[in-house]
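Values reported hereafter were calculated over all heavy atoms of this structure, with side chains retained and with hydrogens, waters and symmetry mates removed. To find a chain, count down the sequence lines: A is the first, B the second, and so on, and within it residues start at 1.
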Amino acid sequence: MSETKTAPESGTSRHFVSQLIADDVAAARNGGAVVTRFPPEPNGYLHIGHAKAITIDFGMAKEFGGRCHLRMDDTNPAKESDEYVESIKTDVRWLGYDWGDNFYYSANLFEQMYAMAEELCRRGHAYVCELTQEQWKEYRGIPTLPGRASPFRDRTPEENLALLRRMRAGEFADGTLCLRAKIDMASPNIHFRDPVLYRIMRVAHYHTHDRWCIYPMYDFAHPIEDALEGITHSLCTLEFEVHRPLYDWVIDRMDEMGLLVVREGHKIRPIQREFARLSLTYTIMSKRLLLQLVQEKRVAGWDDPRMPTICGLRRRGYTPEAIREFCERIGVSKYNSETDVALLEYCLRDHLNKIAVRRMAVLDPVKVVIDNYPEGQEETFEAQNNPEDPNAGTHPVPFSRELYIERDDFMEVPAKKFFRLAPGQEVRLRYACLLTCTQVEKDDTGRITVIHGTYDPHSRGGHAPDGRKVKGTIHWVSVRHAQPVPVRLYDRLFTVPAPLADESKSFLDFLNPNALQTITGYVEPALAAAAPGERFQFERIGYFCADTRDSVPGAPVFNRTVTLRDSWSKVAAQ
RNA sequence: UGCCCGAUAGUGUAACGGUAGCACAACAGACUCUGACUCUGUUUGUCUAGGUUCAAAUCCUAGUCGGGCAACCA
């Protein structure tokens, strides 16, 4: 059947999930339909790892002309809430994916799941067990040793049915009884040793409220949800691989009961396939640990710009395009990989470079006085909004005798290959003019307080009148026109590439104390009107966005999204 | 000790029995009114051992290393 193998198209290649689906489509399995789903449990905020799954789930549907459902996998009311449901919808939409009318709650299927549980009892595939959890732990055995049968394993279907109904009716205390599948206590796969299907749990569900006191377990619920929604490919992460036989077992039982949906004459039988979850350097991806950071107030909340959550990245200034591009580039495989966060940052810079409007801001100012520029005079220069985009236009920047420049852009004793300002050295003030340093003033501690210089009146706009080469160009802001604004300099949340690698230490030990530094920056007037969420490149520094939470009209607060690449710092470091 | 899965440059990923590519990173250079962007070049790789084959990253066997599985979590 070599003709069913689709050759990679024009240099592009498919990852193994895509190949698998392509084979299914070619073989007209399920009538050639492709329906996927993204099924988060609403018990936390989505993070960059979910973005990978979302990209795969929605991406496969799009690639094969199918659809992707968004489903709240909410079978454990103890941890779930509407707050999370709303955040998930917002984040998936923001990432650019559309589930159309296909939004589901697992909880809406509780009645069907229960009906199937009863049918399992009738058919002798399930029984009500009274073993305590401690007893069961012993009965189940360990991976290397087979388990042994529960004394309740051979109840009659009638007994089981009656007990199950009483469980539902609330006649038993939480945790006293449970419904188990009757499969194989000797299976080398633990998940086949009569797994629990239903537990008693008197917890109000955020969606079904107090209608139920018994709730289905993931292994039972998930295949039912998939089958009833007509999912063809149930894609999930590697840790579910050993659950697959159980997934198939449930699907088989549904098939026997005639519960599989039929679409256009084809019985839809979902299959589960697994891929490696995303792991990123300098980042943790565990929902539990992220929750801990929030609860212990190590960060300001789920949307703290230091967090790898989608809302955190959004607030930091990431674009959905950059995140999607990243997810495309990392590929899909079954290898437990650790992706370098540098790739994410590359995708970010690459997109921001194309769309971010350029502005000048000085974050660590030192004053420059241009002694031959008339006191009281000012003028305006035109600065490009985005050299990468010819249609972006220009904007005016006011200039005067006193300016702020970056302290880093001056060296009293210049290092070799230092092209910026130094005594007797000429530099270009971006878009303005050429400036030569003449002398410096210092305070008692030797710290430079004012730099004096003279400008070339013929270099208007920054062009050398005689065509002489001026190697260095630096940014500046007119002191008189500068707007002081709060600027938050964000950096990696952790100081080491793998904060969880050392099991003898807590990941908290590796929190980066400098992951957030708040300073006052001096920005050009045009920046005062920045709208919340608006993204900029502060020339020669990095990409910033106006914070969506703390900015007020006329008084923006800026978050550093990511720095520009900086090859000088490497040279300077030696 | 049982079962399942995996292993290709520093990182991630392609090659589907027929010349080991690509991207990120690193390094060197060119260009530059952003030491950015862009461009050019360089370094570095098939876990090991057998076997099948004219030919193996690819198929088989064994081993090594890594990950997962013993919640009434998902």
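- Nucleotides B:U13 and B:G50 place their C1' atoms 29 Å apart, quoted to the nearest Å.
- A sub-4.0 Å separation between OP1 or OP2 of B:C27 and a side-chain N or O of A:Lys570 is present.
- A syn base is found at B:A71: its glycosidic angle is within 90° of 0.
- When atom types are taken as modelled, the side chain of A:Arg155 and the backbone of A:Val128 share a donor-acceptor pair closer than 3.5 angstrom.
- Remark: P of B:A74 and CD of A:Glu41 are 6 Å apart, rounded to the nearest angstrom.
- Residue contacts for A:Thr75: at a heavy-atom cut-off of 4.0 Å it reaches the sugar-phosphate backbone alone, with no base atom in range.
- The side-chain tip of A:Arg492 points at the ring of A:Tyr282 from less than 6.0 angstrom away and within 45° of straight on.
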Short heteroatom pairs, N/O only, protein and nucleotides 69-71 of chain B, under 3.5 Å:
{"residue": "B:C69", "atom": "O2'", "partner": "A:His191", "partner atom": "NE2", "Å": "2.8"}
{"residue": "B:A70", "atom": "O3'", "partner": "A:Arg140", "partner atom": "NH1", "Å": "3.4"}
{"residue": "B:A70", "atom": "O3'", "partner": "A:Arg140", "partner atom": "NH2", "Å": "3.4"}
{"residue": "B:A70", "atom": "O2'", "partner": "A:Arg140", "partner atom": "NE", "Å": "2.7"}
{"residue": "B:A70", "atom": "O2'", "partner": "A:Arg140", "partner atom": "NH2", "Å": "2.5"}
{"residue": "B:A71", "atom": "OP2", "partner": "A:Arg140", "partner atom": "NH1", "Å": "3.3"}
{"residue": "B:A71", "atom": "OP2", "partner": "A:Arg140", "partner atom": "NH2", "Å": "3.2"}

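- Residue A:Tyr84 contributes atom OH, which lies 15 Å from atom C1' of B:A74 at whole-angstrom precision.
- Using a 4.0 Å heavy-atom distance criterion, A:Gln537 is classed as a base contact.
- Note on A:Arg358: a base of the nucleic acid sits closer than 4.0 angstrom, heavy atoms only.
- For RNA chain B, the stems formed by at least three consecutive Watson-Crick or G-U pairs, with both atom-pair distances below 3.5 Å, span B:2-7 with B:64-69, B:10-13 with B:21-24, B:26-30 with B:38-42, B:47-51 with B:59-63.
- Nucleic acid contact for A:Glu241: sugar-phosphate only, since backbone atoms but no base atoms lie under 4.0 Å from a heavy atom of the residue.
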>> Applying side-chain hydrogen bond (donor to acceptor under 3.5 Å, both in side chains) to A:Tyr346 and A:Glu325, what does each step give before you reach the verdict?
In response: CA-CA 10 Å; A:Tyr346 167 84; A:Glu325 175 66 16; over 6 Å; no

>> Working note: A:Arg244 + A:Glu274, criterion salt bridge (charged side-chain N to carboxylate O under 4.0 Å, His left out); need CA distance, chi angles, decisive distance, verdict.
In response: CA-CA 9 Å; A:Arg244 191 152 105 196; A:Glu274 312 81 12; 2.8 Å; yes

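- The residue A:Arg430 sits close to a base: some heavy atom pair falls under 4.0 Å.
- As judged by a 4.0 angstrom heavy-atom cut-off over every strand, A:Tyr335 is placed among residues touching the sugar-phosphate backbone only.
- Counting non-hydrogen atoms under 4.0 angstrom, A:Tyr139 reaches nothing in the nucleic acid.
- Just one residue in the list A:Phe538, A:Tyr522, A:Phe544 forms a ring-ring contact (aromatic ring centres under 6.0 Å, His included) with A:Phe558, and that residue is A:Phe538.
- The nearest whole Å value for the distance from the CZ atom in A:Arg420 to the C1' atom in B:U34 is 11 Å.
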> Given the rule in the side-chain contact (heavy atoms from CB on, under 4.5 Å) test, do A:Gln384 and A:Arg358 qualify, once you have shown the distances and angles that lead to the verdict?
Replying inline: CA-CA 7 Å; A:Gln384 283 184 278; A:Arg358 270 59 168 176; over 6 Å; no

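- Across all strands, A:Leu131 comes closer than 4.0 Å to base atoms (heavy-atom distances).
- Remark: A:Arg199 is in phosphate contact with B:C73, judged by side-chain N or O atoms under 4.0 Å from OP1 or OP2.
- Judged by distance alone, with hydrogens and angles left aside, the side-chain atoms of A:Asn386 form a donor-acceptor pair with the main-chain N or O of A:Lys354 at under 3.5 Å.
- Each of A:Trp212, A:Tyr206, A:Tyr215 was checked for a side-chain contact (heavy atoms from CB on, under 4.5 Å) with A:Pro77, and the lone residue meeting it is A:Tyr215.
- Look at the C1' atom in both B:U43 and B:C31: the space between them is 24 Å, to the nearest Å.
- We find that CH2 of A:Trp136 is positioned 11 Å from C1' of B:C72, with the value rounded to whole Å.
- Residue A:Arg193 is classed as having no contact, given no heavy-atom separation below 4.0 Å to the nucleic acid.
- For the side-chain contact (heavy atoms from CB on, under 4.5 Å) with A:Tyr318, the qualifying choice from A:Leu352, A:Ile48, A:Leu348 is A:Leu348, the only one to do so.
- Note: CD (A:Glu338) to C1' (B:G10) measures 12 Å, nearest angstrom.
- Judged by the 6.0 Å distance and 45° axis criteria, A:Arg180 is positioned over the aromatic ring of A:Trp136.
- Taking a cutoff of 4.0 Å between a charged side-chain nitrogen and a carboxylate oxygen, A:Asp226 and A:Arg71 qualify as a salt bridge.
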Taking N or O atoms only and anything under 3.5 Å, show me the protein contacts with nucleotides 37-39 of chain B, one pair per line.
{"residue": "B:C37", "atom": "O2'", "partner": "A:Asn353", "partner atom": "ND2", "Å": "3.1"}
{"residue": "B:C37", "atom": "O2'", "partner": "A:Glu388", "partner atom": "OE2", "Å": "3.4"}

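- A:His475 comes within 4.0 angstrom of nothing in the nucleic acid, heavy atoms only.
- Among the heavy atoms of the strands lying under 4.0 Å from A:Leu343 are primed sugar atoms or P, OP1, OP2 only; no base atom is included.
- Nucleic acid contact class of A:Lys471 (heavy atoms, under 4.0 Å, all strands): base.
- Taking the 5.5 Å centre cut-off and the 30° plane limit, the aromatic side chain of A:Trp568 is classed as stacked on B:G35.
- Nucleic acid contact class of A:Pro146 (heavy atoms, under 4.0 Å, all strands): none.
- Across all strands shown, A:Ser333 has heavy atoms under 4.0 Å from sugar-phosphate atoms exclusively, and none from any base.
- Rounded to a whole angstrom, the distance from the C1' atom of B:C4 to that of B:G45 is 28 Å.
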